[in-house]
Amino acid sequence: MEKPNVFITRLIPQEGIDLLKKYCNVELNIEDRPLTRDELLKNVKGKDGILCLLTDRIDAEIFDTALTAKGYANYAVGFDNIDVREATKRKIPISNTPGVLTDATAEMAWALLFAVSRRIVESDRFMRTGEWGGWAPLQYIGGDITGKTLGIIGAGRIGTAMALKSKGFTMKVLYTDAIRNDILEEELGAHKVSLEKLIKESDFVSVHVPLLAKTRHLINQDVFKKMKTTAYLINTSRGPVVNEAELVVALRNREIAGAALDVYEFEPKMIAGLAELENVVLTPHTASATTASRTNMALKAANNLLAMLKGKKPPDCVNPELYEQ
Ligand code: DGY
């Protein structure tokens, strides 16, 4: 039997490529850069399956071009880059990579929390100037962590992992979510509260919601005005959940103490003014960038795609209704 033809839109860890190569003819964008729209359209044509990234916009135009594609395996847990409703209408399965990047992302949220509140990046920049004159009582004073209140916006897998890791710092945990999180309530004595209460009472607000119409700009100037002036914002979810222009104003005016961002509203661009601020820590969407997470994401995406090529429901299907009846 002829092997199916698949396309991988950018280099991913070799384990995923090797797995697909066992069963498929694999074409791959070997240049380590996202494809242009035209290149993406050209390369998906005639393929039986596509392994795509969060930087690829997968929409009706792509589905019209890749008419033979039996499914799309997204190399990410978030899938806001894909028009899933349109895919479902056309009976095209879509998968993501949940679970394997939960701890890595939660760890990064903690790394950012520490970096911004203890002013690690600023201090590092200063040390490299060679101007340090020795220990000083008032130098680089930051925010306390132990015993403070951690507010988790979105208590799904990653939000839950972030909250659970606060145990060692004996923090009070507040969270918002559509449903009660039994693990957080039982293990941490956490409280499910309104967004209003969470932003008013938290010393650290960590965002873990998917990007949806209702979460776009969820964190905006009204939120910053209600947060404590000593509080920090951490975002490892999706950039457009935070209104970046309004964040710059809030940081500049010290309406909040600081922010640490791994994701940006207009990736890969940052809004003007953000990079000039000292009270912000910035990383390039690398929360899941550990060897194990990225390797397992590649294997998961490959396994999902193999299932779709066989006409089976992929293990991490985001439109499972296609298989119900
Ligand atoms: C995801 O998986 O959605 C992250 O943003 C990248 O790993």
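Order of appearance sets the numbers: ligands from 1, and atoms from 1 within every ligand. On a predicted model such as this, the values are computed, not experimentally measured, just so you know.
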### Message
Any side-chain to backbone donor/acceptor pair from N296 onto S293? Under 3.5 Å, distance only.
### Response
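Not a single qualifying donor-acceptor pair exists.
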### Summary
Close residues (non-hydrogen atom under 4.0 angstrom from ligand 1) work out to L54, A76, V77, G78, L101, R238, H285, S288, M297
Any ion pair linking [Y] and [X] (charged N to carboxylate O, less than 4.0 Å)?
{"X": "E267", "Y": "R238", "value": "no"}
{"X": "R128", "Y": "D124", "value": "yes"}
{"X": "E187", "Y": "K167", "value": "yes"}

### Atom pair OG1 (T290) and CD (E107), whose distance is rounded to the nearest 0.5 Å
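Those atoms lie 7.0 Å apart.
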### Task
Measure across I153 and L218 and return the closest heavy-atom pair with its distance rounded to 0.1 Å.
CG2-CD2, 3.9 Å
